[in-house]
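Below, read A as the first sequence line, B as the second, and so on, with proteins coming before strands; counting in each chain starts at 1.
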Amino acid sequence: MTQINHLPHEAEDRASQKVPRLRFAPSPTGFQHIGGYRTALFSWLFARHTGGQFIIRIEDTDVARTVEGAVDYLIDGMKWLLMDYDEGPLVGGPYGPYYQTQRKALYQQYTNQLIESGHAYRCYCTPERLAEMRAEQEAKKLPPRYDRRCRYLTPEERAANDAAGLKWVVRSAMPIEGETLVHDELRGDITFNNTDLDDTVILKSDGLPTYHLAHIVDDHLMGITHTLRGEEWISSAPRHVQIYKALGWEIPLMYHLPSVLGKDKKKLSKRHNAPSWKALEEQGYLPEAVFNFLALLGWSYDDKTEILTQEELIKAFTLDRIGISGGIYDPEKLIWMNGVYIRQLSLDKLVERTLPYMERPEIQGGLPDSVSRPLDRAYTARVLQLEHERLKTLGEAAEVISFFYVDELTYETEMLIPKKMDAAATREALQQARDLLATLTWEHEVMEGAMRQLAQERGFKPGPFFGPQRVAISGRTAAPPLFETMEVLGREKTLERIDKAIARLS
RNA sequence: GCCUCGUUCGUCUAGCGGCCUUGGACGCCGCCCUUUCAAGGCGGAGAUCACGGGUUCGAAUCCCGUACGAGGUACCA
């Protein structure tokens with residue numbers, strides 16, 4: 001690729017020097033919600049777009065909050081959302097290990113380097129003292145900040161503290177004056193006053209690093225070229241910049257992604273109105289639809305294209321089209337998009353993917369337990385064909401089509417009787433329909449023709465005439481086209497159900 | 001409180017100085033199709049481009065301020 005007639009944007013220039021490497025670095029402290037996966041998805045798309053690598057790294061340094069099973073859940077979610085990865089848990093890779101708890105020695109090594117170069121120091125302050133200090137500062141309406149007492153300890157004092165076996169953490173020594181420039185590729189330069197920078201803890205008393213140190217060491221060692229993370233990190237970015245500088249490392253290109261918000265405009269969080277991928281799967285959302293939807297949350301292709309396959313997204317995805325203002329997650333639009341993807345499925349695929357939802361136990365949203373499994377595939381295909389364009393999620397199929405499978409229909413007799421008609425008239429109409437139906441070839445075109453003729457001859461209006469039949473055979477007022485439904489249901493069941501309806505009206 | 005980011009229809013967004021009395025999509029409403037429900041087609045309502053100043057021949061687009069929203073302010077990420 002030769003492109004010499006224009007000066008590339010700085011970001012492109014730097015990025016083009018090497019194969020892009022991007023990472024998704026979740027902490028296993030709970031179940032990743034779709035906002036988190038959106039971040040992963042952007043990184044993944046860009047890696048695939050450029051032919052770069054996509055890495056998963058587990059940031060499990062907060063041992064106390066680590067939730068068992070979270071990593072498996074996370075990886076399963078990636079798989080479900082159709083994202084693979086080149087390096088990470090399970091598959092390993094040349095830059096491993098990919099769990100931060102297994103890289104402890106590395107962080108300690110660089111912490112020592114920082115201490116030696118005067119960019120970090122041991123702090124012996126107890127949590128009690130820190131809490132006290134904070135309370136005082138708050139009372140005085142001062143910004144809560146570590147007072148740097150330990151930063152100015154003499155070597156003798158330090159030695160004495162160590163000899164006394166005091167517990168310590170390591171804090172980074174931030175510059176006291178001047179400014180720090182954070183260059184965000186999406187927003188441009190952001191300037192921070194160094195007086196606002198706290199000497200944050202980079203190594204905890206348990207010997208593990210905090211995020212601030214760990215991600216820098218790992219991103220550097222793993223050769224990460226672009227870092228995509230939530231915009232909640234902007235405020236700690238200047239401290240990260242300082243640590244990079246202290247270590248003498250090049251800073252990867254930083255992209256702070258806009259937040260995904262809930263209906264209340266608050267950032268989506270695990271315990272707060274954020275669906276997990278599992279919940280979406282259980283409801284019968286197609287991962288390819290969710291993928292498409294998520295890609296459009298904070299990124300856009302142009303002024304009209306919204307339905308893009310994963311392949312198209314890979315081809316189209318560039319970082320410069322990421323937006324900067326937070327967006328509310330709109331479940332309504334996801335439902336619509338899911339419907340679009342369902343309609344695009346071939347009947348065969350639809351059956352294959354819907355069957356598990358129908359066969360799951362009733363309590364989980366499957367067909368009534370009285371219906372024996374496994375379901376007849378050919379029959380189910382005929383059923384699903386009728387419902388195909390009506391489905392919004394795979395999970396709702398069972399409820400909508402259960403009448404094709406159960407023996408007994410349950411519905412209110414009232415539903416049988418159209419407005420402006422009484423029970424007797426309805427019964428009479430049903431009886432006539434039933435008598436004619438019994439004589440017909442069981443094909444929907446034949447039935448429709450004959451029945452329409454009957455309606456015309458007897459002066460029945462289509463609505464009130466066909467309506468009761470629909471309720472009689474399906475127990476529902478909203479159902480697929482009547483005669484196709486009858487055809488699939490079969491003569492015997494159809495006539496039997498109409499008879500039962502007639503009996504109800506007697 | 002302090003620091004930082006953000007602000008175009010209810011929602012997702014297009015827009016990077018003239019093509020915009022802002023285009024698309026979801027949702028909503030109406031009409032058509034129709035035995036119901038969908039799907040589909042057509043149409044509509046819906047944004048003083050948060051507000052106020054500037055810069056400019058010209059601003060949704062650039063600058064400043066204000067308001068509002070969000071995020072951060074942990075030995076959490």
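- When rounded to the nearest whole Å, the span between CZ of A:Arg187 and P of B:rU7 equals 9 Å.
- A straight line from CG of A:Asp320 to P of B:rA14 spans 12 Å, rounded to a whole angstrom.
- The minimum heavy-atom distance linking A:Leu286 with A:Leu345 is given by the pair CD1-CD2, 3.9 Å.
- In this structure, B:rG46 makes no Watson-Crick or G-U wobble pair, since no nucleotide meets both defining distances under 3.5 angstrom.
- Nearest nucleotide to the side chain of A:Ser300, out of B:rA14, B:rC5, B:rC26: B:rA14.
- Scored by the side chain to side chain contact (heavy atoms under 4.5 Å, CB included) test, A:Gln431 finds A:Arg434, A:Asp435, A:Ile502 as partners (sequence neighbours excluded).
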Nucleotide N/O of nucleotides 19-23 of chain B paired with protein N/O under 3.5 Å:
unit_1, atom_1, unit_2, atom_2, d
B:rG23, N2, A:Asp303, O, 3.1

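- In this structure, A:Gly467 and A:Asp62 both approach RNA chain B, and ranking their closest nucleotides by distance from the 5' end singles out A:Gly467.
- Cation-pi check for A:Arg122 over A:Tyr124 is not met; the charged atom does not lie both under 6.0 angstrom from the ring centroid and within 45 degrees of its normal.
- As judged by a 4.0 angstrom heavy-atom cut-off over every strand, A:Gly298 is placed among residues touching the sugar-phosphate backbone only.
- Looking at A:Arg103 and A:Leu221, their side chains come closer than 4.5 Å, going by heavy atoms from C-beta outward.
- Residue contacts for A:Val201: at a heavy-atom cut-off of 4.0 Å it reaches the sugar-phosphate backbone alone, with no base atom in range.
- Taking atom CH2 of residue A:Trp336 and atom C1' of nucleotide B:rA39, one finds them 13 Å apart after rounding to whole Å.
- Which of B:rA74, B:rA77, B:rU36 sits closest to the side chain of A:Arg134 comes down to B:rA74.
- Distance check on atom P: B:rG24 versus B:rC2 gives 44 Å, rounded to whole Å.
- In this entry the distance linking CD of A:Glu185 with C1' of B:rC16 reads 17 Å, nearest Å.
- Residue contacts shown for A:Pro258 are absent, as no nucleic acid heavy atom lies under 4.0 Å away.
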Sort me out a list of protein N/O and nucleotides 61-71 of chain B N/O pairs below 3.5 Å, or just none if empty.
unit_1, atom_1, unit_2, atom_2, d
B:rA70, OP1, A:Lys266, NZ, 2.5
B:rG71, OP1, A:Lys267, N, 3.4

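- Ion pairing of A:Asp184 with A:Arg187 is present here, as a side-chain N (NZ or NE/NH1/NH2) and a carboxylate O approach within less than 4.0 Å.
- The separation between A:Met254 atom CE and B:rU4 atom P is 16 Å, rounded to whole Å.
- B:rG43 sits 33 Å from B:rA59 when the C1' atoms are compared, rounded to a whole Å.
- Between A:Leu142 and A:Ser325, the residue anchored closer to the 5' end of RNA chain B is A:Leu142, taking for each the nucleotide with the nearest heavy atom.
- Heavy atoms of A:Pro143 sit under 4.0 angstrom from at least one base atom.
- Side-chain nitrogen and oxygen atoms of A:Ser236 include none within less than 4.0 Å of the OP1 or OP2 phosphate oxygen of B:rU73.
- Of the listed nucleotides (B:rC3, B:rU73, B:rU11), B:rC3 has the atom at the smallest distance from the side chain of A:Asp196.
- Taking the six-membered ring where the residue is Trp, the centroids of A:Trp277 and A:Tyr285 are separated by 6.0 Å or more.
- Among the atoms of the strands shown, base atoms are found under 4.0 Å from some heavy atom of A:Pro480.
- Phosphate proximity of B:rC76 to A:Lys204: present, with a side-chain N or O under 4.0 Å from OP1 or OP2.
- Residues passing the side chain to side chain contact (heavy atoms under 4.5 Å, CB included) test with A:Gln242, sequence neighbours excluded: A:Met174, A:Pro175, A:Thr180, A:Asn194, A:Leu197, A:Lys245.
- Cation-pi geometry between A:Arg458 and A:Phe465 is not met at under 6.0 angstrom from the ring centre and within 45 degrees of the axis.
- Between A:Arg229 and B:rA77 there is no side-chain N or O to OP1 or OP2 distance below 4.0 Å.
- Salt-bridge formation is not detected for the pair A:Glu288/A:Lys349: no Lys NZ or Arg NE/NH1/NH2 atom is positioned less than 4.0 Å from an Asp or Glu carboxylate oxygen.
- B:rG27 and B:rG40 have their P atoms separated by 9 Å, with the value rounded to a whole Å.
- On the P atoms, B:rU7 is 12 Å away from B:rC63, given to the nearest whole Å.
- Contact annotation: A:Arg321 side-chain N/O to B:rG15 OP1/OP2 distance is under 4.0 Å.
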Which side-chain N or O atoms in residues 473-484 of chain A pair as donor and acceptor under 3.5 Å with protein atoms at least two apart or in another chain?
unit_1, atom_1, unit_2, atom_2, d
A:Ser474, OG, A:Arg470, O, 2.7
A:Ser474, OG, A:Arg476, N, 3.1
A:Ser474, OG, A:Arg476, O, 3.2
A:Arg476, NE, A:Ala478, O, 3.2

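- For A:Arg452, the side-chain atoms get nearest to B:rU34 when compared with the rest of B:rG27, B:rU11, B:rU34.
- Here the side chain of A:Asp330 is nearest to one of B:rA77, B:rC26, B:rA25, namely B:rC26.
- Between the side chains of A:Asn338 and A:Thr393, no donor-acceptor pair is found at a separation under 3.5 Å.
- Among the protein residues, A:Lys167 comes within range of no part of the nucleic acid, since none of its heavy atoms lies under 4.0 Å from any strand.
- By the side chain to side chain contact (heavy atoms under 4.5 Å, CB included) test, A:Tyr357 is found to be paired with A:Glu281, A:Arg360, A:Leu394, residues two or more places apart in sequence or in another chain being considered.
- You'll find that the side chain of A:Thr210 is closest to B:rC76, out of B:rC76, B:rG24, B:rG1.
- Nearest to the side chain of A:Ile324, among B:rU7, B:rA74, B:rC76, sits B:rU7.
- The residue A:Leu482 sits close to a base: some heavy atom pair falls under 4.0 Å.
- In this structure, of B:rC75, B:rC5, B:rA25, it is B:rC75 that holds the atom nearest to the side chain of A:Ser205.
- A:Pro127 comes within 4.0 angstrom of a base, heavy atoms only.
- Within 3.5 Å, a donor on the side chain of A:Arg390 pairs with an acceptor on the base of B:rC37, or the reverse.
- No engagement by A:Thr200 is indicated, since no non-hydrogen atom pair under 4.0 Å with the nucleic acid exists.
- When distances are taken from the side chain of A:Phe192 to each of B:rA77, B:rC75, B:rC3, the shortest belongs to B:rC3.
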